Amino acid sequence: RIREEALGPGHPDLVEPMVALGLLREAQAELPQAEELTRSAHLLAQETLPPGHPATRRAGAALAHVLEAQGRYAEALPLVEAVVRSHEADGGGTTELAGALKQLSNLHFYLGDYLRADTVALRALALHRELYGPEHPAAAGDLVNLGAIRFELGDAVAAEARFREALALQE
């Protein structure tokens, strides 16, 4: 409110605090308010910031996260796809891209597109390993996801191998 009073409504510097407050409301299970805040932040970012601006990506990912929390996977999917494309246009290779890939893989998984989820999860794993090394906890999280995907595809042997690899990293 202080920032809005100082800068005026519709100022681009309001995007980040709106996203932060929206994600806080999501964590507090106040999903309607979380959606309102993140949707408003995303719209404001699109209207006031240049294409590909990091705040626009964060607002899109946050809105998708809130929609995902509500089980609205099909609505969240194009938002995350746009975030991934924007990161890739900037050259990729960042922790933000890795996180967006993980989010995208999860959405494909929830929508039952296990093959696409697998492909995207493998990209997330490769990027996490490139960024943090082969034994980082982020890689273990990706391996758990890959195990779940393999299990849903009916490949219990490959699923077990992914789960064991994740467990070894966690240990």
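Values in this document were obtained by computation on a predicted structure and should not be read as measured data.
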Quick one: do R164 and E171 make a salt bridge, cutoff under 4.0 Å? no
Where do L125 and D142 come nearest, in terms of heavy atoms and distance? CA-OD2, 3.3 Å
On a heavy-atom basis, which atom in A55 and which in E16 lie closest, and how many Å separate them? CB-OE2, 3.4 Å
L43 side, atom CG; R39 side, atom CZ - distance, nearest 0.5 Å: 9.5 Å
Is there a path of hydrophobic side-chain contacts, each under 4.5 Å between heavy atoms of I/L/V/M/F/W/Y residues, joining L67 to V80? no
Nearest 0.5 angstrom please: D118 CG to R162 CZ, how far? 7.5 Å
Please check if atom OH in Y114 has more than 12 non-hydrogen atoms from other residues, nucleotides or ligands closer than 6.0 Å. yes
Go through the steps to decide whether V66 and Q70 satisfy the test side-chain contact (heavy atoms from CB on, under 4.5 Å), and finish with yes or no. CA-CA 6 Å; V66 171; Q70 297 175 35; 3.4 Å; yes
Does R3 CZ have over 12 foreign heavy atoms under 6.0 Å away? no
State plainly whether one hydrophobic cluster holds both L111 and L115, where clusters connect Ile, Leu, Val, Met, Phe, Trp and Tyr through side-chain heavy atoms under 4.5 angstrom apart. yes
Test of understanding: clusters of I, L, V, M, F, W, Y form through side-chain heavy atoms closer than 4.5 Å, transitively. Do L107 and F109 belong to the same one? yes
Give, for atom CD of E81 and atom OG of S86, the distance between the pair rounded to the nearest 0.5 Å. 13.5 Å
State, to 0.1 Å, how close L14 and G10 come at their nearest heavy-atom pair, and which atoms those are. CD1-N, 3.9 Å
L104 with L153, same ILVMFWY side-chain cluster at under 4.5 Å: yes
Please lay out, stage by stage, how E30 and E26 fare under the test side-chain contact (heavy atoms from CB on, under 4.5 Å). CA-CA 6 Å; E30 296 177 18; E26 187 270 332; over 6 Å; no
Give a yes or no on whether the backbone of G52 and the side-chain of R57 come within a donor-acceptor separation of less than 3.5 Å. yes
After noting the C-alpha distance and the side-chain angles of Y73 and N106, does the key distance pass the side-chain contact (heavy atoms from CB on, under 4.5 Å) rule? CA-CA 9 Å; Y73 310 126; N106 288 342; over 6 Å; no
Please determine if E130 and R123 form a salt bridge, counting it only when a charged side-chain N lies under 4.0 Å from a carboxylate O. no
Give me the atom names and distance for the closest heavy-atom approach of P137 to Q170. O-NE2, 4.3 Å
Note: A148 and F163 closest approach over all heavy atoms is N-CZ, 3.4 Å
Shortest non-hydrogen contact from A62 toward L23: CB-CD2, 3.9 Å
Neighbour count >12 (heavy atoms, 6.0 Å) for atom CD, E152: yes
Taking a hydrophobic cluster as the set of Ile, Leu, Val, Met, Phe, Trp and Tyr residues connected by side-chain heavy atoms closer than 4.5 Å, whether directly or through intermediates, do Y110 and V83 fall within one such cluster? no
T38 side chain vs A34 backbone, donor-acceptor pair below 3.5 Å: yes
Working note: I149 + S105, criterion side-chain contact (heavy atoms from CB on, under 4.5 Å); need CA distance, chi angles, decisive distance, verdict. CA-CA 10 Å; I149 293 165; S105 175; 3.9 Å; yes
Nearest 0.5 Å please: distance from the CD atom of E36 over to the CG atom of L21. 10.0 Å
For the NE2 atom of H53 and the CD atom of Q46, what is their distance to the nearest 0.5 Å? 13.5 Å
First locate atom CE of M18, then atom CG of D13, and finally report the distance between them rounded to the nearest 0.5 Å. 12.5 Å
Tell me whether H65 contacts the main-chain N or O of A61 through its side chain, where contact means a donor paired with an acceptor under 3.5 Å. no
T48 side-chain N/O to L44 backbone N/O, donor-acceptor pair under 3.5 Å: yes
Decide if atom CZ of R129 counts as having more than 12 heavy atoms of other residues, nucleotides or ligands within a radius under 6.0 Å. yes
